[in-house]
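Please read these numbers as outputs of a predicted model, since none were measured by experiment.
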Amino acid sequence: MSRPGSRCHHQKFCETEGWELVRNARGRSVGHHITYELPLADGRILRTRVSRPANADTYGPRLWSEILGSSRLAVTEDQFWSCVDDGIKPIRPGQQTPVPAEALPADLVYALITELRVPEGEVAAMTLQQAMDLMNEYWSKPKP
């Protein structure tokens, strides 16, 4: 069952993903709605409006579905809640997959697999520190 989204969730999503707050011609905030835009790599510009005040009032199922849909936020409900709850931004068309914070350098992965014969699955599960410790241990031993 889906979670009902609220105005404050909607605003938090836009702020977390980095949507731009739209200003009117005089440089002030747009009056009756908080309006955001997000330019995409494929040339589209998404636009969404959050009714004022951005409070805990929830959207009805039909409006909520429309807000999530392709003309507004263009995300699935899971992507929306991952962004709001965990700060995980959705991957947009034309955007590269983000590199994990502790991704192993390619040369370290190569050394672990070819020199130490560590299975790829084990290497993939290692933290950077674990991989470096293993290689340092290997390199510190005298060669036969």
Residues in side-chain contact (heavy atoms from CB on, under 4.5 Å) with Thr16, at least two apart?
-> Lys12, Cys83

Set of side-chain contact (heavy atoms from CB on, under 4.5 Å) partners for Ser140, sequence neighbours left out = none

Spell out, as yes or no, whether a donor-acceptor pair under 3.5 Å connects the side chain of His9 to the backbone of Ser6.
-> yes

Strictly by salt bridge (charged side-chain N to carboxylate O under 4.0 Å, His left out), give each pair with a member in [range] just once, sequence neighbours left out.
range            : answer
residues 33-42   : Glu37-Arg47, Asp42-Arg44
residues 58-76   : Glu66-Arg72
residues 129-141 : Glu137-Lys141

Residues in side-chain hydrogen bond (donor to acceptor under 3.5 Å, both in side chains) contact with [X], at least two apart in sequence or another chain:
X     : answer
Trp64 : none
Ser82 : none
Thr76 : Gln79

Could you list the donor-acceptor pairs under 3.5 angstrom formed between side-chain atoms of residues 105-118 and any protein atom two or more places apart in sequence or on another chain?
unit_1	atom_1	unit_2	atom_2	d
Thr114	OG1	Tyr110	O	2.7
Arg117	NH1	Thr114	O	3.0

Nearest atoms (heavy-atom pairs only) where Cys14 meets Thr48 | SG-CG2, 3.6 Å

Shortest non-hydrogen pair, Gln11 vs Ala54, comes out as OE1-CB, 2.7 Å

Side chains of [X] and [Y], heavy atoms from C-beta outward: is any pair under 4.5 Å?
X      : Y      : result
Arg49  : Tyr36  : no
Leu46  : Leu40  : yes
Glu77  : Ser65  : no
Glu122 : Pro119 : yes

Quick one: which residue pairs count as a ring pair (Phe, Tyr, Trp, His ring centres under 6.0 Å) with a foot in residues 115-144, not counting sequence neighbours?
-> none

About how many Å separate [atom2] of [Y] and [atom1] of [X], when rounded to the nearest 0.5 Å?
X      : Y      : atom1 : atom2 : result
Gln129 : Leu104 : CD    : CG    : 11.0 Å
His10  : Phe80  : NE2   : CZ    : 7.0 Å
Ser51  : Leu63  : OG    : CG    : 8.0 Å
Tyr59  : Leu68  : OH    : CG    : 10.0 Å
Leu38  : Phe13  : CG    : CZ    : 8.0 Å
Arg3   : Trp81  : CZ    : CH2   : 4.0 Å

How far apart are the C-alpha atoms of Arg92 and Glu17, what are their side-chain angles, what is the distance that settles it, and do they pass the side chain to side chain contact (heavy atoms under 4.5 Å, CB included) test?
-> CA-CA 11 Å; Arg92 298 293 186 169; Glu17 191 180 13; 2.8 Å; yes

Honestly curious: do Ile88 and Val75 fall in one hydrophobic cluster under the side-chain, below-4.5 Å linking rule?
-> no

